[in-house]
Amino acid sequence: MDYDFKKIEAKWQAKWAAEKTYKAAEDPSKPKYYVLDMFPYPSGAGLHVGHPLGYIASDIYSRYKRLKGFEVLHPMGYDAFGLPAEQYAIQTGQHPEKTTTENVARYRSQLDRIGFSYDWDRSFRTCDPSYYKWTQWAFIKMFKCWYDPAMDKARPINELIAKFETEGYDDVTPEAWAAASEQERSDILMRYRIAYQGETSVNWCEGLGTVLANDEVKDGLSVRGGFPVEQRKMKQWQLRVSAYAGRLLDSLDSLDWSDSLKEMQRNWIGKSEGTEMVFDTVCGDRHLPITIFTTRADTVFGVTFMVLAPESELVDQLTTPEQKAAVEAYVKESRKKTERERIAETKTVTGVFTGSYGINPLTGEKIPIWVSQYVLAGYGTGAIMAVPAHDSRDYAFAKKFNLPIIPLIEGADVSEQSFDAKEGKMINSGFLNGMDVKEAIEAAKDYVEAHGLGRRKTNYRLRDAVFSRQRYWGEPFPIYYKDGIPTPLPESELPLELPEISSFKSQNGEAPLERALGWTYKGYPLETSTMPGFAGSSAYYLRYMDPHNDSELVSADADRYWRSVDLYVGGTEHATGHLIYSRFWNKFLFDLGYVCEDEPFRKLVNQGMIQGRSNFVYRIVGTNKFVSLGLKDKYETTEIHVDVNIVYNDKLDIEAFRKWRPEYADAEFELENGEYICGWAIEKMSKSMYNVVNPDLICDSYGADTLRLYEMFLGPVEQSKPWDTKGIDGVNRFLKKFWRLFWDREKWLVTDAAPRPEELKALHRLIGKEQEDIENFSYNTTISAFMIAVGELTDLGCTSRTVLEPLVVLISPFAPHMAEELWEALGHKESVTRAGFPVYDESLTVENSVKYPVSFNGKTRFMVDMPANASPAEVEAHVRALEQTAKYVGDGSILKVIVVPGRIVNIVVK
RNA sequence: GCGGGUGUGUUGAAAUUGGUAGACAAGCCAGACUUAGGAUCUGGUGCCUCACGGCGUAUGGGUUCGAGUCCCUUCACCCGCACCA
């Protein structure tokens, strides 16, 4: 029987679906393992060969864990709300629900062909009302909670209200609270709620007609669509992610994530420990204390001016009448600029003097106060003390505006540039003189605190997440405005479903839902923004644990069994978005006791990106004649992308090329050795470069098992690499070879013969290797080991069932269809999934010749291979060399020298 | 600028973690077989040299009996952050 992959794969895929082979159920008798893929956004283009890379890796791991006796939860769903579907809807007038449904169906059929072991009964889309009910539910919980810094966790807002009523809290006294109107109380509480509505400077994207979160903007352009983004003050829903900054940072250490990803999150959270210091200022005859933040309290003696952010409220108050016109012009100018323009201008120094002066709290000196864009309103206090000698930005500013520069560190030459390093001895610094910089920082902090000039302060860069979008295709907020006061819907009203509307486009910042008829609750208007893309993906991993539960996000039983994701596989692009929001969301639910784990993703593996490998043909200018790669330099040619699907090993299929496009129907060719060789380049995989390889086509011509094996054989999972169909024949050949261990045409080869030692050795070496490799995600080397083992067993003519049966189990994570077929042929009724991983017996693999120092029984043994025809003199030379080496091992005394003539030299030392 | 990472044949990559560098594949070359194929099988293939032999893991140095692996220098590339005080 030949290996008919089409028949076999269809057969087993149908069987797995019918028998629900991969159904996961809480089974207290077994340890659990939760393997999750980052679910895809179902775009119209379908999957290309790069998408399944991570899915295959995690599927292999899932199957391996099942064999190892774990109850494995391995689900899949769709992140279906979001911009592209809506943009597409605007262009075509089709409802996003319709295109989403179509795209999901396409994704599903593509995924099914690859033979994943998902429990599809747990699948959902984030745009299903039964799912987004729980997104809305969590939002209401966040609305009804505040972050209590004393307990360092989220608590019900009622506890805060109780504080207001009794002893007061922050600047809210019981009297003030009692006197406040409903509206005022709502405004006060908004300053504390985890989900709150607030005026803030947001990233407004005119091209998309909506606001965006920081991680959705890159280089001043929207990540989706690449439209320019500008800063605008707007009232928006926000999530108080910043309250969790410290915890998000601290618990990173406990996670099994790559260092680079953790580092990215650390940078994004951006903890910086410094000092908040109060500077008195003189504006005319008024005094106005302003607070600044610095990490270099040691440099206060070198402060020669101060700078305010243009957006700072202090600017108006500190501007003198003489400077008013100039300052206003500057502020207006910088406000007009988009984020992108401001980034582009970071090298040009601009600024304007306010006319006011500050007083250096340590020296009592008068220093001018300026306004400049290089100070950001959103970080620290929006005001800084400038130390030009030891900060390059302050230095550039001082040089431009001729402000004094006082060096504070011995030997630092600040005539050409600032000295930013935190090292050296302090000078010109009063009581700090002579101290080392690091010492001085601490001493200065102590001094400032002791003299009531300020206090130690930890700042974070992490901002609250802007949570509303002026768009249609997202979760509606479960909020209505009762006499203008934002009020959550009762939980019994959830889900609040998206209304039908006629046009999906937002206009002039007006959200599409504002045009929805009857978008009210009990006669009150409902919130018309919708939630952003990351809302639905923030807690989806919890829902897979208990996807059909209509009364809870996840039941306590399911949560306690599955706990958190043990292995999460996905791309790095979510480092500062989804992976921060999910952690925040989970910690919030943890604070309230809805989940039992503080962190959602224990171990994270980032799969690399698959790039495309484009092919080119070369057309002689002005003709319809194409020359092969090696001859193109003889002519003036144009390089043209050609569809990689009609090129095999860089050789063009000329017939297919003629049919590809009508204009090439009568193309002529100049060949090399009868073949047309194409040029190639590594580029992003995209339609326009004709380098997209569809996994369906690979499944058609090679089969899913070959695709799975090849994607893993390509290299380490974490690495980015170009797709090159060239090498696929190698793994395909291997699978055929594997099959031929069992079947020779119609003849079944497996016998009950006793296994020979060499056969067992080959098998057990493989078991050991596979176990180790899969745990480390080194699938490529496991496949190599397979190729070697199968080669050995073929050469040995192995037919023993004792050897071949475990071999089928070993291949099953990689090539499940073939494994099932062979497993059945071996007489098993149950799926190979339940076979159990073969037990590794190391003693069977022990080498009978050792080539490196090996210690055992307190002795160390050296061996070295000798060429078969080595002369006595050569043997002697080897012995001498080994004796040299042996001196440095053990106590150096040589016990035995064994020379196997023509084979090895063997020295045993004590 | 700051942070993280990577540099090994023609190509994808291995290397028992300090112990025969290039496993396993791809490509190429030669051969076998033939229902002439993008099939199967065999052999060869780091570089220099007719050879003996020598040289080889980006660069230069160091530690070590022994370095792709550890330490320092320089260079190149990739990724992230970026006026964060």
Side-chain angles (χ1 to χ4, degrees), chain A residues 218-219 258-268 270-272 274-275 292-296 299 306-307 309 342-343 345-349 372-376 378-387 390-394 396-397 420 459-463 572-573 575-576 606 608-609 613 647-651 653 680 701-702 709-710 713-716 718-734 736-737 740 768-769 772 778 780-789 791 847 850-854 862-865 881-889 892:
Chain A
K218 206 177 142 63
D219 299 330
S258 73
D259 289 338
S260 66
L261 199 85
K262 285 197 213 177
E263 203 51 38
M264 260 189 241
Q265 290 215 339
R266 284 193 194 104
N267 286 339
W268 191 258
K271 180 175 181 169
S272 98
T275 317
I292 58 94
F293 176 76
T294 180
T295 52
R296 294 293 302 273
T299 59
M306 299 178 76
V307 189
R342 281 181 74 152
I343 290 168
E345 281 172 18
T346 50
K347 278 177 208 89
T348 39
V349 180
S372 174
Q373 278 178 37
Y374 86 88
V375 174
L376 306 177
Y379 184 77
T381 60
I384 62 153
M385 63 178 212
V387 186
H390 302 289
D391 182 291
S392 51
R393 296 152 306 182
D394 297 344
F397 197 82
D420 292 14
N459 259 340
Y460 295 96
R461 270 176 55 199
L462 186 70
R463 313 285 171 84
T572 353
E573 65 272 21
T576 53
N606 293 118
M609 290 250 282
R613 188 177 186 280
V647 177
Y648 305 98
N649 291 349
D650 287 340
K651 288 166 199 148
D653 180 334
W680 60 273
S701 40
Y702 293 96
L709 222 44
Y710 185 55
F713 190 62
L714 226 42
E718 292 93 335
Q719 220 165 79
S720 286
K721 56 229 153 187
W723 176 267
D724 187 352
T725 310
K726 245 192 206 169
I728 201 165
D729 291 320
V731 289
N732 191 241
R733 267 195 282 266
F734 159 71
K736 288 183 192 162
K737 218 170 154 179
R740 282 200 300 272
K769 179 83 176 142
E772 196 190 318
S778 306
N780 52 335
T781 53
T782 302
I783 295 168
S784 293
F786 257 111
M787 289 173 172
I788 295 168
E847 300 281 345
V850 183
K851 289 155 190 164
Y852 303 108
V854 170
F862 285 87
M863 295 183 181
V864 68
D865 276 341
L882 275 183
E883 280 172 353
Q884 267 300 317
T885 301
K887 272 193 229 160
Y888 300 94
V889 180

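Only a predicted model underlies this, so the values are computations on that prediction, with no experimental measurement involved. Chain naming here is simple, since letters A, B, ... match the order of the sequence lines and numbering starts at 1 in each. Any value given below was found using the heavy atoms of this structure, including those in side chains, with hydrogens, waters and symmetry copies removed.
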J.: Please enumerate all residues that pass salt bridge (charged side-chain N to carboxylate O under 4.0 Å, His left out) together with A/Arg296, with sequence neighbours excluded.
T.: A/Asp298
J.: In whole angstrom, give the distance that lies between atom CD of A/Glu263 and atom P of B/A82.
T.: 14 Å
J.: Just the rounded figure in Å: distance from P of B/C83 to CZ of A/Phe293.
T.: 17 Å
J.: Just to confirm, is there a sub-4.0 Å distance from OP1 or OP2 of B/A85 to any side-chain nitrogen or oxygen of A/Tyr379?
T.: yes
J.: Within the structure provided, determine whether A/Leu714 and A/Trp723 are in side-chain contact (heavy-atom separation under 4.5 Å).
T.: yes
J.: Pick the nucleotide of RNA chain B nearest each of A/Gly730 and A/Gly270; which residue has the one closer to the 5' end?
T.: A/Gly730
J.: Quick check: on RNA chain B, is the nucleotide nearest A/Met787 upstream (toward 5') of the one nearest A/Leu714, or the reverse? Name the residue that is more 5'.
T.: A/Leu714
J.: By the 4.0 Å heavy-atom rule, please label A/Leu376 as base, sugar-phosphate, or nothing.
T.: base
J.: Collect all protein-nucleotide pairs involving nucleotides 37-45 of chain B in which both atoms are nitrogen or oxygen and the distance is under 3.5 Å.
T.:
from, atom 1, to, atom 2, distance (Å)
B/G38, O6, A/Tyr648, OH, 3.1
B/G38, N2, A/Tyr702, OH, 3.4
B/U40, OP2, A/Arg733, NH1, 3.2
B/C41, OP1, A/Arg740, NH2, 3.4

J.: Which value, in whole Å, describes the distance between the C1' atoms of nucleotides B/A76 and B/G60?
T.: 15 Å
J.: Give every pair of a protein N or O atom and an N or O atom of nucleotides 34-36 of chain B that lie under 3.5 Å apart, one pair per line with the distance.
T.:
none

J.: Output one line per pair: protein atom, nucleotide atom from nucleotides 21-23 of chain B, and distance, for all N/O pairs under 3.5 Å.
T.:
from, atom 1, to, atom 2, distance (Å)
B/A23, N1, A/Ser784, OG, 3.4

J.: Between C1' on B/A25 and NZ on A/Lys726, what's the gap in Å once rounded to a whole number?
T.: 13 Å
J.: For A/Leu709 and B/A26, what is the distance between atoms CG and P respectively, to the nearest whole Å?
T.: 13 Å
J.: Heavy atoms only: give me the nearest A/Trp268-A/Arg461 pair and the separation to one decimal.
T.: O-CB, 3.9 Å
J.: Distance between the C1' atoms of B/A67 and B/G62, in whole angstroms?
T.: 11 Å
J.: When both hydrogen-bonding distances must be under 3.5 Å and the geometry is Watson-Crick or G-U wobble, what is B/U20 paired with, if anything?
T.: none
J.: Can you measure from OH (A/Tyr710) to CD1 (A/Ile783) and round to the nearest 0.5 angstrom?
T.: 11.0 Å
J.: Should B/G9 be called syn or anti, with syn set as within 90° of 0?
T.: syn
J.: Just how far, in rounded Å, is P of B/C79 from CE of A/Met609?
T.: 9 Å
J.: Please tell me which of the listed nucleotides, B/A13, B/G3, B/G4, lies nearest to the side chain of A/Asn267?
T.: B/G3
J.: Measure across A/Gly380 and A/Asn459 and return the closest heavy-atom pair with its distance rounded to 0.1 Å.
T.: CA-ND2, 3.4 Å
J.: Does some side-chain heavy atom of A/Ile384 sit less than 4.5 Å from a side-chain heavy atom of A/Tyr374?
T.: yes
J.: Quick one about A/Asp420 and A/Ser392 (side-chain donor to acceptor, distance below 3.5 Å, no hydrogens or angles considered), yes or no?
T.: yes
J.: For B/U45, decide between syn and anti, treating a glycosidic angle within 90° of 0 as syn.
T.: anti
J.: Give me the atom names and distance for the closest heavy-atom approach of A/Met787 to A/Phe734.
T.: CG-CD1, 3.7 Å
J.: Quick one: label A/Pro716 by what it contacts on the DNA or RNA (base, sugar-phosphate, nothing), any heavy atom closer than 4.0 Å.
T.: sugar-phosphate
J.: Show the distances under 3.5 angstrom between N or O atoms of the protein and N or O atoms of nucleotides 8-10 of chain B.
T.:
none

J.: With both distances under 3.5 angstrom, what nucleotide forms a Watson-Crick or G-U wobble pair with B/A39?
T.: none
J.: Restricting to non-hydrogen atoms, name the atom on A/Asp394 and the atom on A/Val387 that form the minimum distance, rounded to 0.1 Å.
T.: OD2-N, 2.9 Å
J.: Which atom names give the shortest non-hydrogen contact between A/Lys721 and A/Gly715, and what distance separates them?
T.: NZ-O, 3.5 Å
J.: A/Ser258 and A/Asn606: which non-hydrogen atoms are nearest, and at how many Å?
T.: OG-OD1, 3.8 Å
J.: Quick one: pull up CE in A/Met385 and OG1 in A/Thr294 and give me the separation to the nearest 0.5 Å.
T.: 3.5 Å
J.: Using a 3.5 Å distance criterion without hydrogens, assess whether the side chain of A/Lys769 forms a donor-acceptor pair with backbone atoms of A/Phe786.
T.: no
J.: When we call it a touch if two heavy atoms are under 4.0 Å apart, what does A/Val375 touch: a base, just sugar-phosphate, or nothing?
T.: base
J.: Please enumerate all residues that pass salt bridge (charged side-chain N to carboxylate O under 4.0 Å, His left out) together with A/Glu772, with sequence neighbours excluded.
T.: none
J.: Kindly say if A/Gln719 contacts the phosphate of B/C78, meaning a side-chain N or O under 4.0 Å from OP1 or OP2.
T.: no
J.: Over 60° means perpendicular and under 30° means parallel, so classify the ring planes of A/Phe293 and A/Tyr379, tilted if in between.
T.: perpendicular
J.: Say we look at B/C71 and B/U64: how far apart would their C1' atoms be, to the nearest angstrom?
T.: 12 Å
